[in-house]
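Scope of the values below: all heavy atoms of this structure, side chains included, with no hydrogens, waters or symmetry mates.
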Amino acid sequence: MGFLRDCTIIFMTSQRKQFPFPEFESRWQARWLEEGAFRCPNPGDPDFEASKPKYYVLDMFPYPSGDGLHVGHVEGYTATDIIARSKRMQGFNVLHPMGWDAFGLPAEQYAIRTGRHPRETTNRNIANFRSQLQSLGFSYDWSREISTTHPEYFRWTQWIFLQLYNSWYNPDSRKAEPISTYTGSDPDSVRLAYVAEVPVNWCPELGTVLENEEVVDGKSEVGGFAVERRPLRQWMLRITAYSDRLLEGLSALDWPEGVKLLQRNWIGRSEGASVRFQVSNSEFEIEVFTTRPDTLFGATYMVLSPEHPLVAKITTSQQSEEVLNYQKKVSSKSDLERTELSKEKTGVFTGACAVNPANGEKVPVWIADYVLLSYGTGAIMAVPAHDERDFEFAKAFGLPIREVVRKDPAYTGGTPVPPDVPQATCFSGEGVAVNSGFLDGMSTGEAKGAMIGFLEEQGCGLKTVTTKLRDWLFSRQRYWGEPFPIIWEEGRHRPLAEHELPVIQPEMVDFKPTGTSEPPLAKAIEWVAYSETARRETNTMPQWAGSCWYYLRFCDSRLETRFVGEEAEKYWMSSEGLGGVDLYVGGTEHAVLHLLYARFWHKVLFDLGHVSSPEPFRKLVNQGMILGPDGQKMSKSRGNVVTPEHVISEYGADSLRLYEMFMGPLEQMKPWSMKGVEGVYRFLARVWRLAMKENQEGQWEISPDLCDEAPTASQLRVLHATIKKVTDDFEAMAFNTAIAQLMVGTNEFVNASPRPVESLRILLPLLSPLAPHLCEELWGILGTTFAGFEGHASKAPWPTHDPGILEVEEIELIIQINGKLKDKLRVGKSLAENEVLALAMALPKIQEAVSGKTIHKTILVPGKLVNLVVK
RNA sequence: CGGCUCGUGGUGGAAUGGCAGACACAGAAGACUUAAAAUCUUCUGGGGGAAACCCCGUGCGGGUUCGAGUCCCGCCGAGCCGACCA
């Protein structure tokens, strides 16, 4: 038994591959690394070629996790590598870098469990990721490799934080300016980086603050303990100052419309009015925001968020017990419960009333958890007839519902409408104002303007714009992140000087949470003590920080004197129009946060004159997810993970790359299939055998079928059609159809004998960005015998097609009757229209089809078709 | 509940508004081989026909158009995202 099984294993593993990729792939990879084959010089470097245009193609750099890469992760990297390689061949200076977004929770959690420093885990994972990527033959300029965890990198992350800290957004110039230009009394109140008390996720059981990612369904991911919100002093970034510019900037970007929409919705700009309601018998006012000031006459009650500070002040003594109970109930609900129970509206009356400024009516003030403290003013005027949520609430608590907007656009006012009738439905659209005093008869648009005018005149309201976007909570209670370059002294913060950077985390052995809301760095007593009176900030920055500007560092990643060299930044980041990275490829999971944060930082740096383009990423492409062979998302727990190592050992890196691109459109989600890999593997073997033949001894030698004679006219036409199709498809990133055409081009020559070597002079450079190892190898071998294979396939000039060769003398027209195909007709290219028509009419099938019928119309699309409309 | 994306053979997919199914996978038959693997050749949307060929067909129902897989409206289904945003 044992013997048999061993034999089988030996047989399987030593099975001869269809072409010797195991040998040549690793050989070329080693050589590319040794020679620094894809190092790309900067302006000022001795080998820099200023005459070439530039192209900056960027991947979203990975978080080097302990699990390593699976085949889904490398799809985007393969696509950018093909673009990088083909652009290089087309004469561009190509910047194609790779690095590591290596701060993050898993390394810290591992450190807490084992006591090993997170740096160890991180470095080990980086080494693994690097070798995985190198085993795919990606043409990165490894001399520019960066890690966000490296002090020489994060000193500049800290430096950029200081730029934010030391500047403010001037609403008049609509840009960031040095804080010294601020003339107000309290500069700390306008800095782009500021301190505020905001709620964080606090888990009493674990004695630690948790990241949002560590909280699942209101419970800690580890242990499943309850998590509550607790206010804590935090660093914030004033991204809301940029909401208009972040919104406006989107339209010019060559990004998927879906991503732009996500960002627009995330920013959530809405125009309306803020309205102040006087609370009856008190000095308090309730300010609300509404997008529908035209419905103010229909506001029959008000709602405050349960957490609203006014609640305690206005609640009457009779109602206070009920209000306190409700507040308690709400605060113990997790976010999930609060949204899950959204169908059932709850709330209590405060006992207070407010005055509707439009009609002077007294309306009751309620509290309810369907009003959120974090949006608008945390209070609303409720118009139940024209807002679904208010409608449901009013029905539940028997509050009056007054119609103030008529759906019927023909209604022009005049007809009396009975007020305060309970209605079956709620109308939230636009129409004509009714029951609304001076607004009656106006369209919703007119009424909005008229009401805002009235409110501003009365001094109890203003035209206002609100956004959903909140300021960015920028501090984390973690060890493994960038420390802040900030010192606290006598309760006040101040920045460190530039020469004091980088601020490096102290060496620690105990990474456990402190058990209080203090970050772990607080335990490093000596490090914290900056001087006798001053202490260091102990929070660290979130993982987003490093990824907000890494694309800039890649332009000049070894520079020690500046975050990026001015000349290098200008060269790589500017181009006609917007400028920025020419192509950025990554997953949709970063559609909002990373891309919005990076745009924000970039705009600040732009305002302060540190970068030359207003936007960081000119063109963005999202690759689709690759699913497991079972059509499910790849995951360890499902056991459907396919690793690059597995595919490479069986079929080679070129097959893996080619299959990833052949599966379907890049942006689309698609399932993995090993049978599909075999298909492209067979194709690569056919390309190999185009050039090579196995002799009696089992050695590969140049095929005796190859000859240096000219291809036939039809072979030449296929070759040039392939050049055109592959060139166009690469430009459109339609790699699957480019590969299909390369298969057509190859199949044309598979059985040709003699076989013109010109086929390989053209096909190998076209295939080289997709399957670089194979092409490099064959190019080298053919160069020993044939002319035209000088140098390397990866540096070969990109073939250009001759339109003359693609022109044909005869074209095939399709002949339709009433738009349906009936026959085909071959005619001379330049035959006159009437002659074409005459020939078409003469076809027996057409004769038959039109006999006894009248031809009403004739459509003739030159070079394409004839369509006869008959009856 | 809302938004976005997408529905094409047994499968992945192709098709500037103009021949639906390129290119592959799987399947069938054949060639080579002692045999297998590999390779090569042919067939492969459905129905009818001996064949030439004919009819039907891109989730469903309408519309625009000489002509719709493609554009517009409504529905059904799948996936992703956001969720009481005033």
*Which part of the nucleic acid, if any, lies within contact of G679(A), taking any heavy atom under 4.0 Å across all strands shown: a base, the sugar-phosphate backbone alone, or nothing?*
sugar-phosphate

*Once you round it to whole Å, what is the distance between P of C19(B) and CD1 of I846(A)?*
16 Å

_Distance check, C1' atoms only: C60(B) and A22(B), in whole angstrom units._
28 Å

*How long is the line joining CH2 of W266(A) and C1' of A83(B), in whole Å?*
11 Å

_Side chain Q668(A) and base G13(B) donor-acceptor under 3.5 Å_ = no

*When you check the phosphate oxygens OP1 and OP2 of A26(B), does a side-chain N or O of R682(A) lie under 4.0 Å from one of them?*
yes

*asked:* Could you check, using the six-membered ring where one of them is a Trp, whether Y659(A) and W672(A) have ring centers closer than 6.0 angstrom?
replied: yes

*With distance as the sole criterion, do the side chain of K824(A) and the base of C19(B) form a donor-acceptor contact below 3.5 Å?*
yes

*In whole angstrom, give the distance that lies between atom CG of D823(A) and atom P of C53(B).*
10 Å

*asked:* Are F19(A) and W700(A) an aromatic pair, judged by ring center distance below 6.0 Å?
replied: no

*Let me know the distance between NZ of K675(A) and P of G10(B), rounded to the nearest Å.*
20 Å

_Distance-only donor-acceptor check, side chains N622(A) and E667(A), under 3.5 Å_ = no

*In whole angstrom, give the distance that lies between atom CE of M674(A) and atom P of A26(B).*
14 Å

*Which nucleotide, A14(B), A86(B), C66(B), lies nearest any side-chain atom of T737(A)?*
A14(B)

*Sort out the partner of U39(B) for me: Watson-Crick or G-U wobble, both distances under 3.5 Å, none otherwise.*
A31(B)

*Hey, does V861(A) reach any base, or is it just sugar-phosphate, or nothing, if we go heavy atoms under 4.0 Å?*
base

*Does the ring center of F735(A) lie less than 6.0 Å from the ring center of F662(A)?*
no

*Do F393(A) and Y301(A) have ring centroids that are under 6.0 Å from one another?*
yes

*G7(B) and G61(B): how far apart are their C1' atoms, nearest whole angstrom?*
16 Å

*Once you round it to whole Å, what is the distance between P of A68(B) and CG of N818(A)?*
11 Å

*Between Q741(A) and M663(A), name the one whose nearest nucleotide on RNA chain B is closer to the 5' end.*
M663(A)

*How long is the line joining CG of L865(A) and P of C19(B), in whole Å?*
8 Å

_Students often get this wrong, so: under 4.0 angstrom with heavy atoms, is K864(A) touching a base, only sugar-phosphate, or nothing?_
base

